[in-house]
Participant: 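Here it is, the structure, as structure tokens.
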Protein chains: 2
Amino acid sequence: MVTIYDIARVAGVSAMTVSRVINDTGRISEATRKRVRQVMEELQYVPNSNARSLVLQKTNILSLLIADIANPFYTTLARGAEDAAKRLGYRLLFGNSDEDYGKEKDYVDMILSTRVDGVLFAPAGDGSAPHLRLLEQHRIPYVLLDRDVPGIQADRILGESRDGARRLVEHLIGLGHERIALVNGSEDVSTARERHAGYRDALKLNDLPYDETLVRHLDYSDGFNPSDLDPLLALSSPPTAIFAANNFLALGVIQSLRERGLAVPDDLSVVCFDDLGFASILSPFLTVAAQPAYQFGALGLERLVDRIENGDGSGPRTLILPAELIVRSSSRKRER
Amino acid sequence: MVTIYDIARVAGVSAMTVSRVINDTGRISEATRKRVRQVMEELQYVPNSNARSLVLQKTNILSLLIADIANPFYTTLARGAEDAAKRLGYRLLFGNSDEDYGKEKDYVDMILSTRVDGVLFAPAGDGSAPHLRLLEQHRIPYVLLDRDVPGIQADRILGESRDGARRLVEHLIGLGHERIALVNGSEDVSTARERHAGYRDALKLNDLPYDETLVRHLDYSDGFNPSDLDPLLALSSPPTAIFAANNFLALGVIQSLRERGLAVPDDLSVVCFDDLGFASILSPFLTVAAQPAYQFGALGLERLVDRIENGDGSGPRTLILPAELIVRSSSRKRER
DNA sequence: TCGATTTGAGTTATCGGTAACTCAAATGTA
DNA sequence: TACATTTGAGTTACCGATAACTCAAATCGA
């Protein structure tokens, strides 16, 4: 590998002069600068960022830890983070925890040893708290994305889960539905709790009873099981609409319904949180509360860099991004 | 930050002893080992991988450069690479070129300065050749994924594009279609050329004429424009089926058709290369040639690590992974 | 013209690890 | 008992960059 010492020798200057040319610091005569530049070009010199990081105590690397790389919400978020990172001069080290605390811990260890300057952290759930504490102990700034973690004080970019859920359910109520099921993920995750709360809000605001038998909690990390819907469909008074708490759950619901010969929206309406990305043009055209995923990534990264470069003068700041209700054709008026 | 010198001081040993305990090398008495371990625990020591990389001339980081993070093919591939990397003890630095040579070049520069041990490279297209040469000049091993690049000799994991395309088109021919359109991406990409060739193969094998007016090349990097299909639909003898050369193009085709009031498969059949990931259960249930995306990532990473750890004794090796024809309901018998 | 300042560099130490070499004490052997 | 070997460390140099300090030559001002 070519080093600044190679450049220095060939150009007949000291290594420090080469370093100054690279970083455009100090006083260098135009002639020297030109000569050094030319030698760097000839030898195809590329700075060793490890060496630089070691002495500068700054890597210019940020880490983005997402919970599911297969989910369009997170990939869109990742793109937002990536664009912002490039714009602000940082490299981005991705990690995908797959909603698994074990994998998440492995990534945190890697983050610590890599000495990244900061972390954009979409936690797997409440169990991520120890991992966040670890970052704090090592004074690595981080910003929480999408999910809140109880007991953790930090900058956060959150969605309007509760209100978005309320609006989705009120949309169904407005269509005449009264028996509305909630298919939710694990309540170990803040967004699931919020969406559950929003679901109850909508019912209460419209004087509908909250019926626990209409609420299912599914741990879909190891796949959606069609029989998971059995308890709902076997009710003496089954639901006429289903609110799925995220896009994956919605797809599982749709597939399960189809396997039973039930059509969406003809037999049941289905709505969900989060859009489907590039697949949203496919049928059933899901009615969703779409979150600005790109903004989660971009704004989160900007906040993180602000923390890194301007210190932590202010306390934790929380940014709530609105969800947009997109009414498509997966939800329709209740047949009476 | 806690360093081995801090550990050494507290434990009353030399830094080298700490290093030996960490790496389990040299001879250390059990008592010393235990004491050092305890101090490391107490001070929450985490090794600085920058410093280690600097002296070892090895980072234990691999880079994965994909062409589109929004495409399920690449995200599935990424997961395969990630799992394999973890299994083999490497960290993975993601990059997303967005099918853009400029962004790709930026990532290559970053890769060079990070001194990664190797690169999994899904090139944007033929124009990636200079970037690959750059890697070669700096002796960074890489494996090409999914797309071949003319003039480049390297390990490659490729799909069965030509044969897969042939099978898809013969599937349509078998359903009675004779006017089959090809909606392809830029021929700057090897897979587009291969799929075009497979399309011609199928026609020739079945004594159908090759009609240039049925072939469209779209640069969909800045979105699919519904009017792109006009020339096809305005033909005096319009197609009864469309072969879209990848999943994104298929979605664009489906949307364009719908905007014209044409239904799939009632009015036209549509088939495509690559599956849709989690959205494949949505309608129209696309008939596809599905590629083993996860294997692209996993096998590619294994090949790369083999190169890194066992040198380049053998010449470039190419692995061709088969595509699986999945017949769903977006294609049906031609109405006569 | 001569000291003061500016310009354009070079020297040295350091970041946090590890390889290679060294060496005293403990242990083994004849 | 005396010497050889093994054990369990410590010392030193180096990876490739930069900060801080130094310093001779060029330029400047009175």
Side-chain angles (χ1 to χ4, degrees), chain A residues 1-37 39-40 43-61 91 109-110 112-117 138-140, chain B residues 1-37 39-40 43-61 91 109-110 112-117 138-140:
Chain A
M1 283 286 103
V2 179
T3 72
I4 53 169
Y5 296 95
D6 300 318
I7 308 294
R9 188 163 19 78
V10 176
V13 297
S14 72
M16 200 56 222
T17 299
V18 178
S19 175
R20 288 188 180 110
V21 170
I22 293 169
N23 297 293
D24 219 7
T25 54
R27 308 173 200 284
I28 305 286
S29 74
E30 202 43 55
T32 306
R33 189 189 309 276
K34 211 168 146 188
R35 188 153 32 93
V36 169
R37 285 243 167 84
V39 175
M40 290 199 312
L43 302 191
Q44 297 213 60
Y45 170 76
V46 178
N48 182 323
S49 56
N50 285 116
R52 180 180 262 158
S53 298
L54 190 57
V55 58
L56 290 182
Q57 305 279 43
K58 181 160 196 313
T59 55
N60 263 283
I61 297 179
R91 291 172 286 166
D109 286 342
M110 173 182 130
L112 293 177
S113 79
T114 305
R115 302 294 199 264
V116 302
D117 296 334
H138 289 271
R139 308 198 180 292
I140 299 190
Chain B
M1 284 288 103
V2 178
T3 72
I4 52 168
Y5 297 94
D6 299 319
I7 307 294
R9 189 165 18 79
V10 176
V13 297
S14 73
M16 200 56 223
T17 298
V18 178
S19 175
R20 288 189 180 110
V21 170
I22 293 169
N23 297 293
D24 219 6
T25 56
R27 310 176 198 282
I28 304 288
S29 73
E30 201 43 55
T32 306
R33 188 189 309 277
K34 209 168 149 190
R35 186 151 35 92
V36 170
R37 286 243 168 84
V39 175
M40 290 200 312
L43 301 191
Q44 298 214 56
Y45 170 76
V46 179
N48 182 325
S49 56
N50 285 115
R52 179 180 264 159
S53 299
L54 189 58
V55 60
L56 290 183
Q57 306 279 44
K58 181 158 197 314
T59 55
N60 264 284
I61 297 180
R91 291 173 287 166
D109 287 342
M110 174 183 130
L112 293 177
S113 80
T114 307
R115 301 291 198 267
V116 302
D117 296 334
H138 289 271
R139 311 197 178 292
I140 299 190

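In this text the structure is predicted, and so the values were computed from the model without any measurement. Chain letters run A, B, ... following the sequence lines, proteins first and then strands; every chain starts at 1.
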Participant: If I take atom OG1 from residue T17(B) and atom CD1 from residue I7(B), how far apart are they, to the nearest 0.5 angstrom?
Facilitator: 12.5 Å

Participant: Heavy-atom contacts under 4.0 Å between residues 29-37 of chain A and DNA chain C, which residues?
Facilitator: S29(A), T32(A)

Participant: Name the one of T114(A), I61(A), V55(A), T59(A) that satisfies side-chain contact (heavy atoms from CB on, under 4.5 Å) with N50(B)?
Facilitator: T59(A)

Participant: Could you state the interatomic distance from CD (Q57(B)) to CG (N48(A)), rounded to the nearest 0.5 Å?
Facilitator: 7.5 Å

Participant: Is the shortest heavy-atom distance from the side chain of Y45(B) to the side chain of V18(B) under 4.5 Å?
Facilitator: no

Participant: Counting only N and O atoms by type, is there a donor-acceptor contact under 3.5 Å from the side chain of S49(B) to the main-chain atoms of S113(A)?
Facilitator: yes

Participant: Under 4.0 Å: is that the gap between some side-chain N or O of Q57(A) and OP1 or OP2 of dG16(C)?
Facilitator: yes

Participant: Go through R115(A) and S53(A) one step at a time and tell me if the side-chain hydrogen bond (donor to acceptor under 3.5 Å, both in side chains) criterion holds.
Facilitator: CA-CA 9 Å; R115(A) 302 294 199 264; S53(A) 298; over 6 Å; no

Participant: I4(B) has an atom CD1; how far is it from atom C1' of dT18(C), in whole Å?
Facilitator: 8 Å

Participant: Could you state the atom-to-atom distance from CG of L54(B) to C1' of dG17(C) in whole Å?
Facilitator: 8 Å

Participant: Enter the distance from R139(B):CZ to M1(A):CE here, rounded to the nearest 0.5 Å.
Facilitator: 8.0 Å

Participant: Taking atom CZ of R20(B) and atom OG1 of T32(B), what is their separation to the nearest 0.5 Å?
Facilitator: 11.5 Å

Participant: Answer yes or no: is there a side-chain heavy-atom contact under 4.5 Å between R33(A) and D24(A)?
Facilitator: yes

Participant: Hey, could you give me the CZ/CG distance between R52(A) and N23(A), rounded to the nearest 0.5 Å?
Facilitator: 5.0 Å

Participant: Can you find a donor-acceptor N/O pair under 3.5 angstrom joining the side chain of Y5(B) to the base of dG17(C)?
Facilitator: yes

Participant: Given atom CE of M40(B) and atom P of dG16(C), what is their separation to the nearest angstrom?
Facilitator: 17 Å

Participant: With a strict under 4.0 Å distance from non-hydrogen atoms of chain B, what nucleotide opens and what nucleotide closes the contacted stretch of DNA chain D, reading 5' to 3'?
Facilitator: dT7(D) to dG16(D)

Participant: Is the side chain of T3(B) donor-acceptor paired with the backbone N or O of Y5(B) at a distance under 3.5 Å, no angle test?
Facilitator: yes

Participant: Tell me which residues in residues 13-28 of chain B put a heavy atom below 4.0 Å from DNA chain D, sorted by number, or none.
Facilitator: V13(B), S14(B), M16(B), T17(B), R20(B), R27(B), I28(B)

